[in-house]
Amino acid sequence: MDTRVVLVTGASRGIGRSVAARFRADGAEVVVTGRDEATLSRTAAEIGARAVRCDHTEPGDVRDLAGALAESGVDVLVHCAGGNVDLQAPLPEESTLEQVAERWRSNLDLNLVSAVLTTVALKPALRPGGSVVTVGSIGAEYAGSSYGASKAALAAWTAGLSAELGALGVSANTVSPGLVEETDFFHGRLSDERRARLVAATHDGRAGTVADIAETIFFLASKGARHLTGQVLHVNGGAFTTR
């Protein structure tokens, strides 16, 4: 059996790093990307992956990445690159329209456009039997913010992508986490009170871990999940339920 080639974007830390490490532990050839070259290189060395610096909102960077993977092909593409600009620098209460427009475009670029550009560029390299997984958010279910709306758009786009890639024998799904600790998503802005509320909303009484998300993504890329495509899998301890 050929060694699988797995590309994990935004894999310098947090969920992306855990996903990359899970596939590497299974013997896959793993390529990790990130914008901070020093952090990315350190992560790659620690887990035995290949590092390629890439800002996935920049077409030139994405084009170079696709060129670097054209010969090997890609079996699994995991979109972990993203973030919430609102948590890095909250908008002023009385924001100008220009500030609002910039914020919404920034979050859409980080979470949606980055995945679209990367998938379009790598589509010729995706091999039959492969998988594309996007990392969404429970925030997409309450999309009153630019971040939530960008993740909702990402899930909708991934569902459409499933129909496009199905003819190639490639699945496409979204994994939607709730509160996940062991990440720097909140940039130190998660208060004890809010954390307690988020944990209380779960059915199992705990926050998620990066391993919870990594194992779900690993399953979606397995042979046992070949008929599972076009779906959103909510990994949030029951904080948001579907039927």
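When reading the values below, keep in mind they use all heavy atoms of this one structure, side chains included, and skip hydrogens, waters and symmetry mates.
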Requested in this report: Indicate yes or no: does Glu164 engage Lys123 in a salt bridge with an N to O separation below 4.0 Å.
Outcome: yes
Query raised in the report: Taking atom types as modelled, is there a side-chain donor on Ser12 or Thr43 under 3.5 Å from an acceptor on the other?
Result: no
Query raised in the report: Cluster question for you: counting only ILVMFWY and a side-chain heavy-atom cut-off of under 4.5 Å, with indirect links fine, are Val5 and Val8 together?
Result: no
Report summary line: For Arg24 and Gly48, the nearest pair of non-hydrogen atoms, with its separation, is NE-O, 2.7 Å
Report task. Measure the spacing between CD of Glu46 and OG of Ser41 and express it to the nearest 0.5 Å. Result -> 11.0 Å
**Report entry** Hydrophobic cluster identity match, Ile15 and Leu233, side-chain contacts under 4.5 Å
**Finding:** yes
Query raised in the report: Between Asn111 (side chain) and Leu154 (backbone), is there a donor-acceptor pair under 3.5 Å?
Result: no
Query raised in the report: Between Asp212 and Arg206, does at least one N-O distance fall below 4.0 Å, as a salt bridge requires?
Result: yes
Query raised in the report: For Arg105, does the CZ atom have more than 12 heavy-atom neighbours from other residues, nucleotides or ligands under 6.0 Å away?
Result: no
**Report entry** Path from Val175 to Leu179 over hydrophobic side-chain contacts below 4.5 Å
**Finding:** no
Requested in this report: Find the distance between CZ (Arg127) and CG (Leu77) and round it off to the nearest 0.5 Å.
Outcome: 13.5 Å
Report task. Report the distance from atom OG of Ser18 to atom CZ of Phe23, rounding to the nearest 0.5 Å. Result -> 10.5 Å
Query raised in the report: Which atoms form the tightest heavy-atom contact between Leu40 and Gly34, and what is the distance?
Result: CD2-N, 3.6 Å
Query raised in the report: Is there a donor-acceptor pair closer than 3.5 Å between any side-chain N or O of Asn173 and the backbone N or O of Val133?
Result: no
Report summary line: OG (Ser131) and CG (Asp75) are apart, to the nearest 0.5 Å, by 9.0 Å
Requested in this report: Enumerate the residue pairs fulfilling ring pair (Phe, Tyr, Trp, His ring centres under 6.0 Å) with a member in residues 154-181, sequence neighbours excluded, ordered by first and then second residue.
Outcome: none
Requested in this report: Could you tell me whether the side chain of Asp61 and the main chain of Asp55 form a donor-acceptor pair under 3.5 Å?
Outcome: yes
Requested in this report: Answer with yes or no after comparing the ring centroid distance for Tyr147 and Tyr142 against a 6.0 Å cut-off, counting only values under it.
Outcome: no
Query - Sub-4.5 Å side-chain heavy-atom contact between Thr209 and Val180 - result: no
Requested in this report: Could you tell me whether Gln99 atom CD has more than 12 heavy atoms of other residues or ligands within 6.0 Å of it?
Outcome: yes
Query raised in the report: Does atom CD of Glu102 have more than 12 heavy-atom neighbours, drawn from other residues, nucleotides or ligands, at distances under 6.0 Å?
Result: no
Query - Glu29/Arg4 ion pair, N-O < 4.0 Å - result: no
Query - Whether Ser95 side chain and Leu91 backbone form a donor-acceptor pair below 3.5 Å - result: no
**Report entry** Note, Val132 side chain near Ser171 side chain (heavy atom, < 4.5 Å)
**Finding:** no
Query raised in the report: Roughly how far, to the nearest 0.5 Å, is CD of Glu141 from OG1 of Thr241?
Result: 10.0 Å
Query raised in the report: Could you go step by step and tell me if Val62 and Glu58 meet the side-chain contact (heavy atoms from CB on, under 4.5 Å) rule?
Result: CA-CA 6 Å; Val62 174; Glu58 292 293 335; 5.9 Å; no
Query raised in the report: Judged by atom type as modelled, is there a donor-acceptor pair below 3.5 Å linking the side chain of Asp26 to the main-chain atoms of Ala28?
Result: no
Report summary line: Closest heavy-atom pair, Val135 versus Cys80, reported as atoms and distance to 0.1 Å, is CG2-SG, 3.8 Å
Query raised in the report: Do we see a donor-acceptor contact under 3.5 Å between the side chains of His56 and Thr9?
Result: no
Query raised in the report: Are Val30 and Val74 joined in one hydrophobic group, where the rule is that I, L, V, M, F, W and Y side chains link up if heavy atoms are under 4.5 Å apart?
Result: no
Query - More than 12 heavy atoms from other groups under 6.0 Å of CZ on Arg35 - result: no
Query raised in the report: Does the side chain of Phe185 reach to within under 4.5 Å of the side chain of Leu190, using non-hydrogen atoms?
Result: no
Report task. Taking the side chain as every heavy atom from C-beta outward, state whether Leu117 and Thr57 have any atom pair closer than 4.5 Å. Result -> no
Query raised in the report: Does the Arg189 side chain pair with the main chain of Leu87, one donor and one acceptor, at a distance under 3.5 Å?
Result: yes
Query raised in the report: For Val32 and Ala20, which heavy atoms make the closest approach, and how far apart are they?
Result: CG1-CB, 3.6 Å
Query - Heavy-atom pair with the smallest gap, counting every atom of Ala225 and Phe219 - result: CB-O, 3.3 Å
**Report entry** Sub-4.5 Å side-chain heavy-atom contact between Thr39 and Arg17
**Finding:** no
Requested in this report: Anything under 30° is parallel, anything over 60° is perpendicular, the rest tilted; go ahead and classify Phe240 against His234.
Outcome: tilted
Report task. Measure from the side-chain N and O atoms of Ser176 to the backbone N and O of Ile138, and report whether any donor-acceptor pair falls under 3.5 Å. Result -> yes
Query raised in the report: Among side-chain atoms of Thr229 and Ser162, is any donor-acceptor pair under 3.5 angstrom?
Result: yes
Query raised in the report: Sub-3.5 Å donor-acceptor pair from the side chain of Arg194 to the main-chain atoms of Leu198, do we have one?
Result: no
Query raised in the report: What's the shortest heavy-atom distance between Ser146 and Asn107, and which atoms?
Result: OG-ND2, 2.8 Å
Query raised in the report: Taking C-beta and beyond as the side chain, do Leu126 and Leu168 meet within less than 4.5 Å on heavy atoms?
Result: no
Query - Val85-Val113 co-clustered via ILVMFWY side chain contacts under 4.5 Å - result: no
Requested in this report: Could you check if a side-chain atom of Pro177 sits within less than 4.5 angstrom of a side-chain atom of Asn236, using non-hydrogen atoms only?
Outcome: no
Query raised in the report: Roughly how far, to the nearest 0.5 Å, is the CD1 atom of Ile217 from the OG1 atom of Thr134?
Result: 9.0 Å
Query raised in the report: Does the side chain of His79 come under 3.5 Å of the side chain of Thr119 through a donor N or O and an acceptor N or O?
Result: yes
Report task. For the residue pair Val52 and Leu69, establish whether any side-chain heavy-atom pair is separated by less than 4.5 Å. Result -> no
